[in-house]
Amino acid sequence: MNKHQDESFEEDFDEEEYDDMELLERLETLREDMEELNVRTLDDVIQQIKELHQKLDMVN
């Protein structure tokens, strides 16, 4: 591998590593939010959204 190819590989790796770290941060935040909101699945989230929409519709 020549120097240019080596640098290109390192840049790609760094970008991929950054993307992975960003995804990890988002997932950890999501997990914390789910724990706070007492939801375990996407179905739980959808159900809570539905219930809140119904509740708010009754108020208006």
Side-chain angles (χ1 to χ4, degrees):
M1 198 179 280
N2 67 34
K3 184 174 178 157
H4 179 68
Q5 287 173 324
D6 190 43
E7 288 173 358
S8 177
F9 175 77
E10 286 178 17
E11 288 172 8
D12 289 344
F13 178 77
D14 290 344
E15 186 175 320
E16 184 177 330
E17 185 177 32
Y18 177 80
D19 290 346
D20 287 346
M21 290 177 69
E22 184 177 19
L23 177 58
L24 177 60
E25 178 64 30
R26 290 180 65 195
L27 290 169
E28 288 176 337
T29 300
L30 176 59
R31 184 196 66 212
E32 291 168 2
D33 289 347
M34 289 179 71
E35 289 171 352
E36 268 184 45
L37 295 168
N38 196 32
V39 294
R40 295 174 107 10
T41 66
L42 181 57
D43 286 340
D44 291 344
V45 172
I46 292 168
Q47 182 62 35
Q48 283 198 19
I49 290 170
K50 181 180 176 183
E51 290 170 4
L52 283 169
H53 273 290
Q54 290 173 345
K55 181 179 177 180
L56 290 170
D57 286 346
M58 294 178 79
V59 173
N60 292 324

Peer 1: Establish whether L56 and I49 are linked, either directly or via other cluster members, by ILVMFWY side-chain heavy-atom contacts under 4.5 Å.
Peer 2: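 No, separate clusters.
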Peer 1: Which residues satisfy the side-chain contact (heavy atoms from CB on, under 4.5 Å) test with N38, sequence neighbours excluded?
Peer 2: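 N38: no side-chain contact (heavy atoms from CB on, under 4.5 Å) contacts found.
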Peer 1: Between I46 and L52, is there a shared hydrophobic cluster once you connect ILVMFWY residues whose side-chain heavy atoms come closer than 4.5 Å?
Peer 2: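 No, I46 and L52 fall in different hydrophobic clusters.
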Peer 1: Run the salt bridge (Lys or Arg N to Asp or Glu O under 4.0 Å) test against R31 and tell me which residues pass, sequence neighbours left out.
Peer 2: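 Salt bridge (Lys or Arg N to Asp or Glu O under 4.0 Å) check on R31 returns E35.
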Peer 1: Under the rule for salt bridge (Lys or Arg N to Asp or Glu O under 4.0 Å), what residues qualify as partners of E32, not counting sequence neighbours?
Peer 2: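 E32: no salt bridge (Lys or Arg N to Asp or Glu O under 4.0 Å) contacts found.
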Peer 1: Not counting sequence neighbours, which residues clear side chain to side chain donor-acceptor pair (under 3.5 Å) with E51? List them please.
Peer 2: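 So E51 forms a side chain to side chain donor-acceptor pair (under 3.5 Å) with Q47.
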Peer 1: Would you name the heavy atoms of Q48 and V39 that are closest together and state the gap between them?
Peer 2: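 Shortest heavy-atom contact: NE2-CG1, 3.3 Å.
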Peer 1: Can you name the residues that form a side-chain contact (heavy atoms from CB on, under 4.5 Å) with E25, not counting sequence neighbours?
Peer 2: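 For E25, the residues satisfying side-chain contact (heavy atoms from CB on, under 4.5 Å) (neighbours in sequence not counted) are E28, T29.
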Peer 1: State which residue, out of D20, D19, D14, fulfils the side chain to side chain contact (heavy atoms under 4.5 Å, CB included) condition with E16.
Peer 2: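 Filter result, single survivor: D20.
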